[in-house]
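FYI, side chains are in, hydrogens and waters are out, and symmetry mates aren't considered; it's all heavy atoms of this structure. Please read all numbers here as calculations on a predicted model, not as lab measurements.
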Amino acid sequence: MKIIGQKWKLPILWYIADAENQTVRYKELERRVVGITATMLTKCLRELEADKLIHRTQYNTIPPTVEYSLMERGKSLIPALESVYEWAEKQMAGE
């Protein structure tokens, strides 16, 4: 929980995992994670990268392009997140 317990880290991981080719650009994350500031997004992405959950790829284009994808450690977390999501849906449905 120390690694993923922050408010924004799970949504970031979820959006990267849910991406069509499991690669997401910074600006797309900024649009999809509603309510997060650019500073907080950058901080969370750096921490997730340091914890080896995501991989950052920077392309030397103008303007610079940065993409994020899940590393194996991050991919191994997704089934647990899916289980929690399914549980939450059942709780909200009153099951």
Side-chain angles (χ1 to χ4, degrees):
M1 290 308 293
K2 183 178 177 184
I3 294 172
I4 60 168
Q6 283 186 346
K7 175 181 179 178
W8 299 109
K9 289 185 179 179
L10 289 178
I12 291 168
L13 289 170
W14 191 259
Y15 286 127
I16 294 172
D18 194 41
E20 189 172 311
N21 60 357
Q22 292 191 344
T23 300
V24 180
R25 291 187 175 180
Y26 178 88
K27 284 293 186 182
E28 184 179 348
L29 279 172
E30 196 172 38
R31 280 190 299 272
R32 291 188 76 186
V33 183
V34 178
I36 194 168
T37 64
T39 304
M40 184 55 70
L41 177 58
T42 299
K43 178 182 180 290
C44 288
L45 288 169
R46 286 182 181 157
E47 289 174 2
L48 290 168
E49 184 181 11
D51 291 328
K52 298 188 181 351
L53 294 175
I54 62 171
H55 176 71
R56 180 181 189 271
T57 304
Q58 182 171 342
Y59 299 97
N60 294 325
T61 58
I62 300 174
T65 303
V66 179
E67 294 181 339
Y68 295 92
S69 57
L70 293 178
M71 297 180 74
E72 288 305 314
R73 187 175 186 196
K75 288 178 184 177
S76 70
L77 182 59
I78 298 306
L81 294 180
E82 289 172 341
S83 294
V84 170
Y85 179 78
E86 290 171 11
W87 177 84
E89 279 189 325
K90 288 179 183 176
Q91 298 308 305
M92 291 174 60
E95 291 181 21

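For Tyr15, there are no ring pair (Phe, Tyr, Trp, His ring centres under 6.0 Å) partners, not counting sequence neighbours.
Side-chain contact check for Tyr26 and Glu67: no donor-acceptor pair (N or O, by modelled atom type) lies under 3.5 Å.
At a threshold of 4.5 Å between non-hydrogen side-chain atoms, the residues Ile12 and Ile54 do not count as touching. The shortest distance between side-chain heavy atoms of Val66 and Thr57 does not fall below 4.5 Å. Leu70 is listed as a side-chain neighbour of Ile78, based on a closest heavy-atom distance under 4.5 Å.
Linking ILVMFWY side-chain heavy atoms closer than 4.5 Å, directly or via other members, places Ile4 and Trp87 in two distinct hydrophobic clusters. The hydrophobic cluster containing Tyr85 also contains Val33, counting ILVMFWY residues as joined when their side-chain heavy atoms lie under 4.5 angstrom apart, directly or transitively. Under a hydrophobic clustering in which Ile, Leu, Val, Met, Phe, Trp and Tyr are joined whenever their side-chain heavy atoms come within less than 4.5 Å, directly or via other members, Ile3 and Leu77 fall into the same cluster. Cluster membership for Met71 and Ile16, using ILVMFWY side-chain heavy atoms within less than 4.5 angstrom, is not shared.
Closest heavy-atom contact between Cys44 and Trp8: SG-CB, 3.9 Å. Here the shortest heavy-atom pairing between Asp51 and Arg73 reads O-NH1, 2.7 Å.
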Review point. Would Leu48 and Tyr68 satisfy side-chain contact (heavy atoms from CB on, under 4.5 Å), going step by step from the backbone distance to the final call?
Key: CA-CA 10 Å; Leu48 290 168; Tyr68 295 92; over 6 Å; no

Practice item. Please assess Glu47 against Thr42 for the test side-chain contact (heavy atoms from CB on, under 4.5 Å), listing each intermediate value before the final yes or no. Key: CA-CA 9 Å; Glu47 289 174 2; Thr42 299; over 6 Å; no

Review point. Run the side-chain contact (heavy atoms from CB on, under 4.5 Å) check on Leu45 and Leu29 step by step: do they pass?
Key: CA-CA 10 Å; Leu45 288 169; Leu29 279 172; 3.9 Å; yes

Exercise for review: Begin with the C-alpha distance, continue with both residues' side-chain angles, and end with the deciding distance and a verdict on side-chain contact (heavy atoms from CB on, under 4.5 Å) for Asn60 and Thr65.
Suggested key: CA-CA 7 Å; Asn60 294 325; Thr65 303; over 6 Å; no

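Within 6.0 Å of atom CZ in Arg46, 12 or fewer heavy atoms from other residues, nucleotides or ligands are found, so the atom counts as exposed in its surroundings. Around CZ of Arg25, the count of heavy atoms belonging to other residues, nucleotides or ligands within 6.0 Å does not exceed 12.
Annotation: salt bridge (Lys or Arg N to Asp or Glu O under 4.0 Å) contacts involving residues 75-86, sequence neighbours excluded, comprise Glu72-Lys75.
Under a 4.0 Å N-O distance rule, the pair Lys27/Glu30 qualifies as a salt bridge.
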